[in-house]
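Indexing begins at 1, ligand by ligand and atom by atom, following the structure's order.
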Amino acid sequence: GEAVPATQRGSWSSFLKSIASFSGDLSSLTAPPFILSPISLTEFPAYWCERPELFAAIADAKTDEDRMLAVLKWFISTLKDQYTSRNESMGSEKKPLNPVLGELFYAYWPDKNNRGKTNLLVEQVSHHPPITAYYISNPSKGLSLQGHNAQKTSFSGGSIIVKQVGHATLSVLLPSGGTEEFLITLPRLRIDGLWYGSPYIELTESSYIQSSSGWLSTIEYKGKGYFSGKSHSFKALVTPPGSSSPAHTVEGTWHQTSKDVKTGRAFHDVTGAKEEATVADVEAQGEWESRRLWRGVARGIREGDFETASREKSKIENEQRQRRKDEAAAGTKWQLKHFAHVDSDPTYEKLGKLFKASPPTEDAYVFQHNPPFADMSTTTTEVAK
Ligand code: 0T9
């Protein structure tokens, strides 16, 4: 295809053949240099908050119904950043760096215009298969989001199909002192454009946001040729507790704008700029922090020096292999730093029942409240002031 450099055509077509004959963990396949991204998957949870004022706005809603609408608006507004931002910054979807076990990513968005400070903490909690856990909080607004991400991939009709495994739970401290919780499930992805060497993501099927108040958002995703015939289309139905007829229907394209179908009023708009998180300088980072850990590889990829990139990558991989061997010999196990694994998430089980989530239960990684910044945890006292 056009986007594939002449010298990499052969390796791109063998890469595609290996994807086609393989399903499972794509991260372990070696891809040609032109498709490599210098950014690790541990940075991806930042996409949840690159419009921090929309996250903060959840705390300002006065009723359960308005809170669901604020959560839906924030969620829809993250999709452009989650699923199209590599196309914008690098020309196409690229293969991210595969995080090592224990890799960390810390970042924040400063307080501005009374939105409060938003903190992000990410830890790679499994290497094979890759699983990333994250905790995002805005303590002054009483908001916290906890989740984890893994993928099951397969190949169909020339596209990669990615089933996201994992979910997020959003916790909102209410002025009454109570807590409202939201279970957020994740859409399926189809990676198209592979043949031409310019991959991009389309979202498919449905995802859900279920509130403990009973309000439910069902979001249906469609590409070209459906509702509006446009790519990246969605339709969200917002239903009150115990009802199946929607109180609100929102329609539009998730990477642009949408409107409330009944009132005709604008709903979300992400045509404006997003805001990148603030991250410590590489020099000031610890050795497990993503940008520090991958520094040599990332520089090689950015500068087109793929020999250096692959030598630096081998160093990291060999070090990891040695570590696993030493642990096996000593009969010890890698200890997670910020999260504890639970086989079943009670919030998922409880809220999942309300919309018949499949599967009926999922595991989770619970944040241990030992953040690197003192001002990260959400407590009732902070909200009260
Ligand atoms: C969670 C997101 C996820 C991670 C990425 C599938 C994918 C790894 C997972 C699901 C974030 O919240 C949202 C966005 C993009 C997803 C990635 C896109 C992608 O291609 C990779 C996979 C593992 C590949 O690298 C496939 C090979 C590559 C050559 C295609 C570009």
A.B. asks: Tell me which protein heavy atom sits closest to atom 4 (C) of ligand 1, plus the residue, atom name and distance to 0.1 Å.
C.D. replies: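 Here the nearest protein heavy atom works out to Gln151 NE2, 3.8 Å.
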
A.B. asks: Are the side chains of Ser92 and Lys94 in touch, meaning some heavy atoms are under 4.5 Å apart?
C.D. replies: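 They are in side-chain contact.
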
A.B. asks: Going by the atom numbers of ligand 1, which of them fall below 4.0 Å from some non-hydrogen atom of Tyr83?
C.D. replies: 2 (C), 13 (C), 14 (C)

A.B. asks: Identify the two heavy atoms, one from Glu283 and one from Arg295, that lie closest to each other, and give their separation to 0.1 Å.
C.D. replies: OE2-NH1, 3.4 Å

A.B. asks: Tell me, please: is Pro96 in heavy-atom contact with ligand 1, that is, under 4.0 Å?
C.D. replies: yes

A.B. asks: Can you tell me how far CZ of Arg67 sits from CG of Leu174, rounded to the nearest 0.5 angstrom?
C.D. replies: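 Those atoms lie 4.5 Å apart.
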
A.B. asks: Ignoring angles and geometry beyond distance, decide whether Gln82 reaches within less than 3.5 Å of ligand 1 through its nitrogen or oxygen atoms.
C.D. replies: yes

A.B. asks: Can you report which non-hydrogen protein atom sits closest to atom 5 (C) of ligand 1, along with the distance?
C.D. replies: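 Atom 5 (C) of ligand 1 sits closest to the protein heavy atom Leu41 CD2, 4.0 Å.
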
A.B. asks: Return the option from Leu16, Asn98, Leu26 holding the heavy atom at the smallest distance from atom 26 (C) of ligand 1.
C.D. replies: Leu26

A.B. asks: Work out which heavy atom in Trp109 is nearest to a heavy atom in Leu120; give both atom names and the distance.
C.D. replies: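 Looking at all heavy atoms of both residues, the closest pair is CZ3-CB, 3.9 Å.
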
A.B. asks: Can Glu43 and Arg291 be counted as an ion pair, charged N to O under 4.0 angstrom?
C.D. replies: yes

A.B. asks: Going by heavy atoms in the side chains, are Arg86 and Phe44 under 4.5 Å from each other?
C.D. replies: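 Yes; the side chains approach each other to less than 4.5 Å.
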
A.B. asks: For atom 28 (C) of ligand 1, grab the closest protein heavy atom and report residue, atom and distance to one decimal in Å.
C.D. replies: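 Residue, atom and distance for the closest contact: Lys95 CB, 4.1 Å.
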
A.B. asks: Tell me: protein heavy atom nearest atom 19 (C) of ligand 1, and distance?
C.D. replies: Ile191 CD1, 3.7 Å

A.B. asks: Give the residue, atom name and distance (to 0.1 Å) of the protein heavy atom nearest atom 10 (C) of ligand 1.
C.D. replies: Gln164 OE1, 3.5 Å

A.B. asks: For ligand 1, is any non-hydrogen atom under 4.0 Å from Tyr47's backbone (N, CA, C, O), its side chain (CB onward), both, or neither?
C.D. replies: neither

A.B. asks: Have a look at ligand 1 and work out which part of Ile201, if any, has a heavy atom under 4.0 Å from it: side chain, backbone, both or neither.
C.D. replies: side chain

A.B. asks: Give the numbers and elements of all ligand 1 atoms closer than 4.0 Å to a heavy atom of Arg86.
C.D. replies: 14 (C), 15 (C)

A.B. asks: List the atom of Ser212, the atom of Leu351, and the distance in Å for their closest heavy-atom pair.
C.D. replies: CA-CD2, 3.6 Å

A.B. asks: What residue and heavy atom of the protein are closest to atom 31 (C) of ligand 1, and at what distance?
C.D. replies: Pro199 CG, 3.6 Å

A.B. asks: Ion pair present between Glu88 and Lys274, side-chain N to carboxylate O less than 4.0 angstrom?
C.D. replies: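 Between Lys274 and Glu88 there is no salt bridge, as every charged N stays at least 4.0 Å from the carboxylate O atoms.
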
A.B. asks: Counting only heavy atoms, which portion of Phe15 has something under 4.0 Å from ligand 1: side chain, backbone, both, or neither?
C.D. replies: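 Side chain only.
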
A.B. asks: Closest non-hydrogen protein atom to atom 1 (C) of ligand 1, residue and atom name please, with distance?
C.D. replies: Asn149 ND2, 3.6 Å

A.B. asks: Which atom names give the shortest non-hydrogen contact between Leu97 and Ser37, and what distance separates them?
C.D. replies: CG-O, 3.6 Å

A.B. asks: Of the protein's non-hydrogen atoms, which lies at the shortest distance from atom 16 (C) of ligand 1, and what is that distance?
C.D. replies: Leu189 CD2, 4.1 Å

A.B. asks: Are the charged groups of Arg323 and Glu319 less than 4.0 angstrom apart, N to O?
C.D. replies: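 Salt bridge: yes.
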
A.B. asks: Under the 4.0 Å line, does any protein heavy atom show up next to atom 22 (C) of ligand 1?
C.D. replies: no

A.B. asks: I need the minimum non-hydrogen distance between Leu194 and Pro199, along with the two atoms involved.
C.D. replies: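 Heavy atoms of Leu194 and Pro199 come nearest at CD2-CB, 4.1 Å.
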
